[in-house]
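Each remark here refers to the structure printed beneath this line.
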Amino acid sequence: MTDTAVRPDQTAGPPPAHPLDPATGAEYLVGRDIMAKAGLLAQPVRFAYYGLEEPPKNDVLNGPATDRRLRAFLVDTATGESTDVVVSLKDNKVVSARTLDPPVDGQMPILDSDFALVDEIVKADPGWRAAMARRGLHDVSQIQACPITAGAFGPPEDDRRRMVRVLAFVQAREHDLAWAHPVDGVAAYVDLIEKKVFKITDEFDLAVPAESGDYDDEAVRGPQRTTLRPIEITQPEGPSFILNGTWLQWQDWSMRIGFDAREGLTLHQVSLHERPVMYRASIPEMVVPYGDPRFRYWQAYFDSGEYLVGKWANSLELGCDCLGEIAYLDATVTDDTGQPRTITNAICVHEEDFGILWKHTDIFNGSAQSRRQRRLVVSYFTTVGNYDYGFYWYFYLDGTIECEIKATGVLFTSAYPGGDHPYSTEVAPGLAAPFHQHLFSARLDMTVDGLANAVEEVDVSGLPIGPDNPYGNAIVQQVTRLTRESQAGRRADGSRGRIWRIINTERSNRFGRPTGYTLYPESAPVLLADPAAPLTARAGFATNHLWVTRYDPDQRWPAGDFVNQNPGGAGLPAFIAGDRDIDGQDIVVWHTFGPTHVPRPEDWPVMPVARCGFTLKPTGFFDRNPTLDLPPPSPHCPA
Ligand SMILES: [Cu+2]
């Protein structure tokens, strides 16, 4: 195996080659200086987010987009004052600085330093210590405090504060798995600005589950098996892709790779045969709502908007996380003080064999041909608290694009109350894993053959017996054009094979029909919270599988710009309020997907990957199978 790592210099040197390249460490420092000189960084101001403010699409497409702008979310940790700042590196100045009204706008995301702060605050609080002591837990050094974003539920004594709610787990040994030992029934509400516990809810007592979940411990996992023989992936002539800086080219595909502390991996200007397909693709939001209505009713994380998934990206290891001929890209994010931090090998690029692409043995002419599918993989992995998520984009030889999320890591746990508890599964003796959802939002800025796109909803059904269908076997498509934003909030329907076709309204194929790409959803449940639930107002994006909006450079975040403690209504429901025309326009397709997770005992103590995602396939984009020119996979195969 060869590490062909491509690591562009991200700490100094000349400015990036392309306006969509991620911000460099040097740029972050310049931006920080601009903010400091403008008086925005007096102590104790912290960065809750810091990233590239991408130029609007038209500036990139029509060029030249010469300015580089950075956006920062600043929090004064003494006063709670929160400021949304944009700086211009070209003009060396602050472009805008807006002070938020958090009860209306929402709070800035969780800070890195909030984790340590919360630990200190709860462990010093007599009320919390008493609640632990009542449960026989006297040594607070053996307790892990887990801060969870608070949501917004109405009481002003909560919602006026910058706050988190804190659950506790016992970790009696240094290497024990704390998630195996939840302290249930009690939560501390922590004000992050006043730096104190302002409320404790203590509703019931259940024994802390005792069984070890430490899967690193041989006593727990047993001896390791010795029966697997090596599989080695070799590409003696190297991979077939070219990675030049952030520009990636493979077979007929080309694209740019970006990365953001909040949304993680971003793909830009994805083209096939030099025909545009997507201007930008990313997963800018996800929410993980838990379904236990007891004292922990508030448990729902927006991993992107509240915790910044990209910031927690893993450094990937060749031979462990990725096999074969890998090219890596580093990612540069910043810490709380706006200082750059490089995550080495954050993004993995490689090729995979993917079994048969097409195959036929013809009974009449004797032809017996096989061609193998291959895919280009662009991925990264991130750890957010107990869960780990892999974000994978696949590009196939036949023009298919696939997005796959791999959810793994450790279940969030509670104590199992016994009986047939309706809201959780018992996964170890006395240990429960509450039912929950992982709902992702994909933002697909589609440019199928250009900017003039439209979306058709396509169902299939059988027709009843009638004069034109005497034997009742007819199958037809129902095609509905989604012409306005108000009409394009749609649910999937597996019983009708519902798909959404994104077509170009100005280009056609040899049949005179529009060229297109079809979105195939998985048709899993959308948000299960009640329509009147406070969460539903905040996670409006998750109430539909599909949304279509007119492109607007300011509409990037499906749950709004400021998700933490946002009272609701922001993001997609607000974006469509103007009910813009989306027929033959520059449009963005938003897709909600992800599993509703009823945990299994087999998901404990560490969960085998659960996959979810969606597929985009060319539909009349080509005039026939575009892979007839592939050679046989090996010289000895029939040609
Ligand atoms: Cu889950």
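Atoms within a ligand are numbered from 1 in the order they appear, just like the ligands themselves. No experiment lies behind these values; they were computed from the predicted model shown.
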What pairs with His545 under ring-ring contact (aromatic ring centres under 6.0 Å, His included), at least two apart in sequence or on another chain?
none
For residues 166-178, dump all side-chain donor-acceptor pairs below 3.5 Å to protein atoms at least two apart in sequence or in another chain.
unit_1, atom_1, unit_2, atom_2, d
Gln171, OE1, Gln144, NE2, 2.5
Gln171, NE2, Glu174, O, 2.8
Gln171, NE2, Asp176, O, 3.2
Arg173, NH2, Asp176, OD1, 3.2
His175, ND1, Asp214, OD1, 3.2
His175, ND1, Asp214, OD2, 3.1
His175, NE2, Asp216, OD2, 3.1
Asp176, OD2, His181, NE2, 3.0

Have a look at His436 and say which of its N, O or S atoms is nearest the Cu ion (ligand 1).
NE2
Tell me whether the Cu ion (ligand 1) has Gln437 as a neighbour, meaning an N, O or S atom of it below 2.8 Å.
no
When you measure from the Cu ion (ligand 1) to each N, O or S atom of His597, which atom gives the shortest distance?
ND1
Which atom of His438 approaches the Cu ion (ligand 1) most closely (N/O/S)
NE2
Is Arg341 salt-bridged to Asp335, going by a charged N under 4.0 Å from an acidic O?
no
Between the side chains of Arg498 and Asp459, is the shortest nitrogen-to-carboxylate-oxygen separation below 4.0 Å, so that they form an ion pair?
yes
